Amino acid sequence: MTLLVFLLCILAASYIAGLLGSVTGLGGGVVIIPFFTLVLDIDLRYAIGTSLITAIATSSGSAIAYVKEGITNIRLGMFLEIATTAGAICGAALAMYTPTHLISIIYGIVLIVSVSLSVRRHAGQSGDIITNKWAERFKLNSTYPDASGKLIPYAVHKVPGGFIVMWLAGILSGLLGIGSGALKVVAMDTMMKLPFKVSTTTSNFMIGVTAAASAGVYFYRGYINPTLSMPVVLGVLAGAYTGSNVLAKVSPQKLKIIFAVVVGLLALQMIYKGFTHSI
Amino acid sequence: MNKPPEIKNRDLQLTLGNLLRIGVILSALLVLAGGIIYIFQQGNGPRPQYVSFTGENSELLQLSDILKGMTRLQGASIIQFGLIVLIATPIARIVISAIGFALEKDYMYLVIAAIVLLIILVSLFSGVAG
């Protein structure tokens, strides 16, 4: 296999990963790590570095539209980023001392939990505007435009609990090179009771910053490889762009289930390889 | 009291959106250009293995070395610089938000943005030191 063929393989896989990742909301990285380690037999550390870059690209790429529409809660995002970035540094530091087979097992488990969370249907918003003293103190309550452009107010609940879950999401992000989008959305959705649109866009907005916090460590340690990152960044961006355009035409629930099954099988194999120390 | 800050908040959001767009496009173009040069330089060579982790070639870890490589039109250095632009985009976002909060005289959020920035900088410099 020449270098050119190798790069084209990665480009094609990344395009599909970006497409499915954007349609299902899981991000492209969840496919990149298993594809690199299981199919191309690349060391897990290179896979993690590349995946982290993917998380930043997808987050910044898809945040563009949402920020302009005024759905993202910038104050809430900024507030919670204290927790996610602090967590990300802890995670990146842990990654340097954790053996790869153990990381592989943790990754597999997190992947299975993430896909199961993404398949579940979203609980409706509580709708009550009972104010939380933390939300009030930090001016987190806000409004978002509905389909007709009318501004709907919402309140943020359980701020300290959400903050702690965000810290954990940050650790996983730094340790595994993922965006931890599923965990962030669940925390905002079910604990903090944000409207679905606000939680997904704000979580997406935070992913880039969280990943940037650990990317510095990874970059200087040589985890971020230009040969591998090049086709992945271009492929995932193109795929995510296509995905955001076809989103309206496909049934996301059906696609989500197919994707969840594929990712679940990959995750099981990562766990198996971790236990047999063959990764 | 509520009206003027909301208008500024809207401006802030538009600036953030544009910043993200510029950062992503610039980095994608750099990665693409570097990638094409890289393929011309080594495309017919064998597939690199990456079976075991060796750490990156030290020429690709420090910004000063990467810039030097770019002046020699090294494909890998250009890609790496594109990746740095990509990583810098969300960090620049925090700086712009901080300026926005300062304009709105929202000092609490100015401090919060500064804390986030400080955490990221600590990460960057601990990476250099370690």
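In this text, all values refer to a predicted model and were calculated from it rather than measured experimentally. Residue numbers start from 1 in every chain, and the chains themselves are labelled A, B, ... in the order their sequence lines are given, proteins ahead of strands. Computed over heavy atoms, backbone and side chain alike; hydrogens, waters and symmetry mates excluded.
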Is the shortest heavy-atom distance from the side chain of Ile120(B) to the side chain of Leu117(B) under 4.5 Å?
no
Trace of the side-chain contact (heavy atoms from CB on, under 4.5 Å) decision for Tyr46(A) with Thr227(A)
CA-CA 10 Å; Tyr46(A) 287 120; Thr227(A) 314; over 6 Å; no
Which portion of Ile115(B) sits near chain A, non-hydrogen atoms under 4.5 angstrom
side chain
Pick whichever of Pro90(B), Ala88(B), Gly23(B) has the most heavy-atom pairs under 4.5 Å with chain A.
Pro90(B)
Between Ser229(A) and Asn225(A), is there a donor-acceptor pair closer than 3.5 Å when you use the side chain of the first and the backbone of the second?
yes
Gln41(B) side-chain N/O to Ala76(B) backbone N/O, donor-acceptor pair under 3.5 Å
no
Do Ile42(A) and Thr50(A) have side-chain heavy atoms sitting under 4.5 Å apart?
no
Does the cation-pi check pass for Arg221(A) over Phe53(B), that is, NZ or CZ under 6.0 Å from the six-membered ring centre and within 45° of its axis?
no
Have Tyr15(A) and Thr242(A) got a donor and an acceptor in their side chains that come within less than 3.5 Å?
yes
Between Leu237(A) and chain B, with a heavy-atom cut-off of 4.5 Å, which part of the residue counts as in contact: side chain, backbone, both or neither?
side chain
Check each atom of Leu234(A) against the heavy atoms of chain B and say whether the ones under 4.5 Å are side chain, backbone, both or neither.
side chain
If one checks every heavy atom of Ile66(B) against chain A at 4.5 Å, the contacting part turns out to be side chain
Would you mind checking which part of Phe138(A) comes under 4.5 Å of any heavy atom in chain B, side chain (CB onward), backbone (N, CA, C, O), both or neither?
both
Pair Tyr144(A)-Thr201(A), side-chain donor/acceptor within less than 3.5 Å
no
Residue Val233(A) versus chain B: region with a heavy atom under 4.5 Å:
side chain
Is Leu7(A) close to chain B through its backbone or its side chain, or both, or neither, when contacts mean heavy atoms under 4.5 Å?
side chain
Ion pair present between Glu104(B) and Arg75(A), side-chain N to carboxylate O less than 4.0 angstrom?
yes
Anything in residues 84-93 of chain A with a heavy-atom distance to chain B below 4.5 Å? Please list those residues in order.
Thr85(A), Ala86(A), Ile89(A)
Of all of Leu118(B), Ile91(B), Leu32(B), Ile78(B), which one pairs up most often with chain A through heavy atoms under 4.5 Å apart?
Leu32(B)
Is there a side-chain contact between Leu44(A) and Tyr107(A), using heavy atoms and a 4.5 Å cut-off?
no
